[in-house]
Amino acid sequence: METFQAILAKKLSDALAQARLPIAGELTPATDPRFGDYQTNAALVLGKQRDEKPRVLAEQIVALFNAGDVCEPPVVAGAGFINFALCPGAVAEKTMEVLRDERLGVAETKSARHIVIDFGSPNVAKPMHVGHVRSTVLGDALARIAEFLGHEVIRDNHIGDWGTQFGMVIYGWKNLLDRQALQRNPLAEIVRIYKETNERATSDPQVREACRQELVRLQAGDKESIDIWNECVAFSMQDFEHVYKLLDIHYDIQCGESFYHDRLPAVVERLLKSGIAETSEGAIVVFFRDNPELADKPLIIRKRDGGFNYATTDLATVDYRVNDLKADVIWYVVGAPQTLHFKQIFEIARREGYTADLRHIVFGSILGEDRKLMKTRSGENIPLRDLLEEACKRARKIVDEKNPHLSDYEKIDIAQTIGIGAVKYADLSQYRMTDYIFSWEKMLSLHGNTAPYLQNAYVRIRSIFRKAGESSPKVEKLILGDSAEINLAKRLCQFAEIVPQVLNDFRPNILANYLFELANSFHTFYEACPVLKSDEPTRSSRLSLCDLTGRVLQRGLELLGIKVPERM
RNA sequence: GCGCCCGUAGCUCAGCCGGAUAGAGCAACGGAUUUCUAAUCCGUAGGUCGGGUGUUCGAGUCACCCCGGGCGCGCCA
């Protein structure tokens, strides 16, 4: 099934061929309804290339354009734009096609890739906090969309389970652990001993040295150290799993840093052998002398003391993903501060001859109302678990107000769907690069571009079907009489154009924005066009539009990792 | 000091490869409802796109220079 955009683009290139003109410009949705439904700037681009008058070229193109029954004869406007207005009949037919299609018109990609997506990546012995929200939610949404488009996706949780911090954790475990506290709340106790050790180490060189010794023992495979480490990892994983369950997120593999531990020496040896790395001041370092941007920013892959660092791990990770997992694309959904680091890693991978497409998907921070990094009043990171539970609690309050008669069981479920959806949507509806200000009021508002607003549109549709006592009707032909009906139908046909766009530049906010506009179009339709009260065949036609709108909303939100309730 | 990112309505934000008179939501103001969930819709008002110079038929978008904010720059991850 082809989108209108694809059909018109094809017709345009046919017309250009007939006019003996090369393909130029682009065919995009109209910037304003006054210009019809689609527009092209082809004549403007060609005019510039060939030094001819754009409007004259546009007239030539229009004359040769075979509109068929898809659109009205195109119109030249402005400096040389060509505008296309769809025929209502074609819209009705296309909407029927979408209605009959499981995939709602979205084509599978013709070039399926093996994509490893690295997202989330929490640290062991530290609770997941707000800082992990964006990576986790964004990575999951990209994974869902890539999968839907037909790519083979491996979701990898690159857990921080092997850093320097373990020297401190193990020291704390041996010297400061409160067994009872550990039983009550394991992660909190592990965090406590880590923090306290960290403080002591800062002021006391002896403690620092002891921690270093613990780290050496762990890395040498000492049994007691490994046991403690295992226990800490297990406790942390429990916390992660709880959060992932709440968020409805899963991973295909969770190869943390420790997974690569015994591969690190080989990485360094290889790079030394190939001459990419060299010894400098006792450490093994990679220089990028011929790269102006990185010339003064070398990367250490083995410390003077013989220890490896995260750069080494990341290089081993590239190796594993490409050679063992057969990835030809790797997406790193990691915050902006690590931009330089990934430039260095990618550059080394390139020098080693890796051809996989490595992308650092950068994103901004979540800020508190004070415009600073979101923290608790005492300056601590806010545990993600608390944040999500707070979201559900607040959503519950709204459900209690709006729909008190629902059962308790139902309310819990609905509150979770709304609360978690709100947190995710607040993030995904924003361009990923901008820092955004976290606000409960805004994200849980029933007005505006929020998850609850979209969920409510879906709920209203479900309500119609409950009242009708029937499921989607069988119709042969849609009747698009009212302008609200035509607009809604056009909007529904655009879903297939929007979804693939998200991956152009990793912008789920494009999809979020589309869904918001769809919900708007639906509400306008809902106001203007009675469904159940109208006579056949209008009734069935409108019921079909409702059905399709519901399915697109549901699928679209699902691609963002957000669920819809049946009532709220 | 060098590098990267950001600066758009009172507030929160869209605006991908340069395209027509810069758009939403919230807040403000004015209308609509004995409802298919008003948890809504329709309308009004609100802007020298941080500032400047340049590139061209055309710049919020590209280049360069300033201003303001954030982040990063060999032995943490």
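The model shown is predicted, which means the values in this text are computed figures rather than measured ones. Letters A, B, ... are given to chains in the order of the sequence lines, protein chains preceding strands, and every chain is numbered from 1.
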Distance check needed: [N] [atom2] versus [X] [atom1], whole Å only.
| X | N | atom1 | atom2 | result |
| --- | --- | --- | --- | --- |
| Met433(A) | rC71(B) | CE | C1' | 10 Å |
| Leu294(A) | rG3(B) | CG | P | 13 Å |
| Gln344(A) | rC76(B) | CD | P | 15 Å |
| Trp162(A) | rC76(B) | CH2 | P | 17 Å |

Counting any heavy atom closer than 4.0 Å, what does [X] reach on the DNA or RNA strands: base, sugar-phosphate only, or nothing?
| X | value |
| --- | --- |
| Ala77(A) | base |
| His341(A) | nothing |
| Glu26(A) | base |
| Glu441(A) | nothing |
| Thr164(A) | sugar-phosphate |
| Arg304(A) | base |
| Pro337(A) | sugar-phosphate |
| Asn309(A) | sugar-phosphate |
| Phe35(A) | base |
| Lys402(A) | base |
| Asn520(A) | sugar-phosphate |
| Asn509(A) | sugar-phosphate |
| Arg302(A) | nothing |

Euclidean distance for [atom1], [N] against [M] (whole angstrom):
| N | M | atom1 | answer |
| --- | --- | --- | --- |
| rU21(B) | rG60(B) | C1' | 15 Å |
| rU61(B) | rC16(B) | C1' | 10 Å |
| rC67(B) | rG25(B) | P | 38 Å |
| rA45(B) | rG68(B) | P | 37 Å |
| rG51(B) | rC71(B) | C1' | 23 Å |
| rG50(B) | rG31(B) | C1' | 38 Å |
| rA9(B) | rG3(B) | C1' | 33 Å |
| rG7(B) | rC11(B) | P | 15 Å |

Quick one: which of [options] gets closest to the side chain of [X]?
| X | options | result |
| --- | --- | --- |
| Phe287(A) | rC13(B), rG74(B), rU40(B) | rG74(B) |
| Ile437(A) | rC13(B), rC75(B), rC41(B) | rC13(B) |
| Glu527(A) | rG15(B), rC41(B), rC11(B) | rC41(B) |
| Tyr436(A) | rC13(B), rU40(B), rC41(B) | rC13(B) |
| Pro298(A) | rG74(B), rC5(B), rA14(B) | rG74(B) |
| Leu44(A) | rA14(B), rG19(B), rG74(B) | rG19(B) |
| Met568(A) | rG19(B), rC4(B), rA39(B) | rA39(B) |
| Tyr431(A) | rG19(B), rG74(B), rA14(B) | rA14(B) |
| Gln39(A) | rA20(B), rC11(B), rG15(B) | rA20(B) |
| Ser280(A) | rG74(B), rC76(B), rG72(B) | rG74(B) |

Compile the donor-acceptor pairs under 3.5 Å between side chains in residues 435-444 of chain A and protein atoms, sequence neighbours left out, one pair per line.
from	atom 1	to	atom 2	distance (Å)
Asp435(A)	OD1	Ser365(A)	N	2.8
Ser439(A)	OG	Lys442(A)	N	3.1

Can you find a donor-acceptor N/O pair under 3.5 angstrom joining the side chain of [X] to the base of [N]?
| X | N | value |
| --- | --- | --- |
| Asn41(A) | rG19(B) | yes |
| Lys48(A) | rG58(B) | yes |
| Glu517(A) | rA24(B) | no |
| Asn83(A) | rA20(B) | yes |

Summary of ring pair (Phe, Tyr, Trp, His ring centres under 6.0 Å) pairs that have at least one residue in residues 523-550 of chain A, sequence neighbours excluded:
Tyr453(A)-His523(A), Phe522(A)-Phe525(A), Phe522(A)-Tyr526(A)
Filter on ring pair (Phe, Tyr, Trp, His ring centres under 6.0 Å), then keep only pairs touching residues 276-317 of chain A, sequence neighbours left out; what's left?
Tyr310(A)-His341(A)
For the CG atom of Asp505(A) and the CZ atom of Arg432(A), what is their distance to the nearest 0.5 Å?
5.0 Å
Spacing of CG belonging to Leu294(A) relative to NZ belonging to Lys343(A), to within rounding of 0.5 Å:
7.5 Å
Measure across Arg304(A) and Ala283(A) and return the closest heavy-atom pair with its distance rounded to 0.1 Å.
N-CB, 4.0 Å
Ring centroid separation Tyr260(A) to Trp162(A) under 6.0 Å
no
Is the distance between the ring centroids of Phe35(A) and Phe84(A) under 6.0 Å?
no
Does the side-chain ring of Phe81(A) sit on the six-membered ring of the rG19(B) base, less than 5.5 Å centre to centre and under 30° in tilt?
no
Evaluate whether the aromatic ring of Phe516(A) and the six-membered ring of the rA24(B) base sit under 5.5 Å apart, centre to centre, with an inclination under 30°.
no
Conformer about C1'-N of rG68(B) - syn within 90° of 0, anti elsewhere
anti
Set of ring pair (Phe, Tyr, Trp, His ring centres under 6.0 Å) partners for Phe346(A), sequence neighbours left out:
Tyr332(A), Phe342(A)
Strand RNA chain B in bracket notation, Watson-Crick/G-U under 3.5 Å with | for pairs to another chain
(((((((..((((.....[...)))).(((((.......))))).....(((((..]....))))))))))))....
RNA chain B: 5'-proximal contact among Asp505(A) and Tyr526(A) (nearest heavy atom):
Asp505(A)
Nearest heavy atom decides the nucleotide; on that basis, is Glu566(A) or Ala336(A) closer to the 5' end of RNA chain B?
Glu566(A)
So, do Leu315(A) and Val268(A) sit near enough that their side-chain heavy atoms are less than 4.5 Å apart?
no
Sequence neighbours excluded and cut-off under 3.5 Å, please list the side-chain donor-acceptor pairs for residues 39-47 of chain A, or say none.
from	atom 1	to	atom 2	distance (Å)
Gln39(A)	OE1	Thr31(A)	N	3.2
Thr40(A)	OG1	Glu26(A)	O	2.9
Thr40(A)	OG1	Ala42(A)	N	3.1
Asn41(A)	OD1	Glu26(A)	N	3.0

